[in-house]
Amino acid sequence: MKWGIIVISSLILIIVGFSGGLAVGCGFVAFLAVLGIIPRLAQLTKTYGYIRAYEWSIVASAVIGSWLSLRNTSFHLSHVLLIPIGLGAGVFVGMLAAALTEVLNVLPILAKRIGIHEQILLLLMAIVLGKVFGSLFHWSFFVDK
């Protein structure tokens with residue numbers, strides 16, 4: 001009887017965990033699809049023939065990343081190798097934020113409301129530099145060494 005309860009509770013835990021992961025994964029894919037990041041990147045780089053490879057690389061990296069996060073895996077990499085990995089992660093987050101702002105037209109509306117629609121480049125640079133300096137400040141003082 002005790003084994004039956006353990007098996008049923010384990011199955012419920014597996015189903016709930018899988019369903020939650022599936023929901024989050026579908027939401028992430030839908031978010032990327034709505035933003036149109038993959039087609040936009042293919043358009044900018046003129047590599048329309050590689051769209052399937054882009055999509056599969058995102059799916060594979062999401063699956064591998066999820067698996068590694070569940071396994072308590074740690075990599076002992078040199079600081080030199082961490083620089084391009086950090087740059088790649090930063091570029092991804094920046095492109096995701098830029099795509100979201102482009103879709104929502106936040107910056108043109110904001111610039112028009114505060115009366116600096118002629119200096120939209122200045123607004124973009126302020127956002128970028130604020131993010132860079134804020135990240136550097138956080139890493140310099142609050143990240144354990």
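We use all heavy atoms of the structure for the numbers below, so side chains are in, but hydrogens, waters and symmetry mates are not.
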> So how far is it from His76 NE2 to Leu81 CG, rounded to the nearest 0.5 Å?
Replying inline: 13.5 Å

> Who pairs with Leu13 by side chain to side chain contact (heavy atoms under 4.5 Å, CB included), at least two apart in sequence or on another chain?
Replying inline: none

>> Hydrophobic cluster membership, with links at side-chain heavy-atom distances under 4.5 Å among I/L/V/M/F/W/Y: are Val63 and Leu68 in one?
In response: no

>> Arg71: which residues meet the side chain to side chain contact (heavy atoms under 4.5 Å, CB included) condition with it, sequence neighbours left out?
In response: Trp67, Thr73

>> Per the salt bridge (Lys or Arg N to Asp or Glu O under 4.0 Å) rule, what does the pair list look like for residues 4-19, sequence neighbours excluded?
In response: none

>> For Ser19, give me all partners under side chain to side chain contact (heavy atoms under 4.5 Å, CB included), at least two apart in sequence or on another chain.
In response: Ile15

>> Working to the nearest 0.5 angstrom, can you tell me the gap between Ile6 CD1 and Leu11 CG?
In response: 12.0 Å

> Hey, what else clusters with Ile8 if you join Ile, Leu, Val, Met, Phe, Trp, Tyr whenever side-chain heavy atoms sit under 4.5 Å?
Replying inline: Ile12, Val16

>> Among residues at least two apart in sequence or on other chains, which ones pass side chain to side chain contact (heavy atoms under 4.5 Å, CB included) with Thr45?
In response: Thr47, Tyr54

> In Å and rounded to the nearest 0.5 Å, what is the CG to CZ distance from Leu82 to Phe75?
Replying inline: 11.5 Å

>> Show every salt bridge (Lys or Arg N to Asp or Glu O under 4.0 Å) that has at least one partner inside residues 74-100, sequence neighbours left out.
In response: none

Using atom types as modelled, flag every donor-acceptor pair under 3.5 Å from a side chain in residues 83-98 to any protein atom, sequence neighbours excluded.
none

> Among the clusters formed by ILVMFWY side chains lying less than 4.5 Å apart, do Val59 and Tyr50 turn up in the same one?
Replying inline: no

> According to the salt bridge (Lys or Arg N to Asp or Glu O under 4.0 Å) rule, which pairs have a member within residues 51-66, sequence neighbours left out?
Replying inline: Arg52-Glu55

> Under the ring-ring contact (aromatic ring centres under 6.0 Å, His included) test, which residues partner Phe137, sequence neighbours left out?
Replying inline: Phe141, Phe142

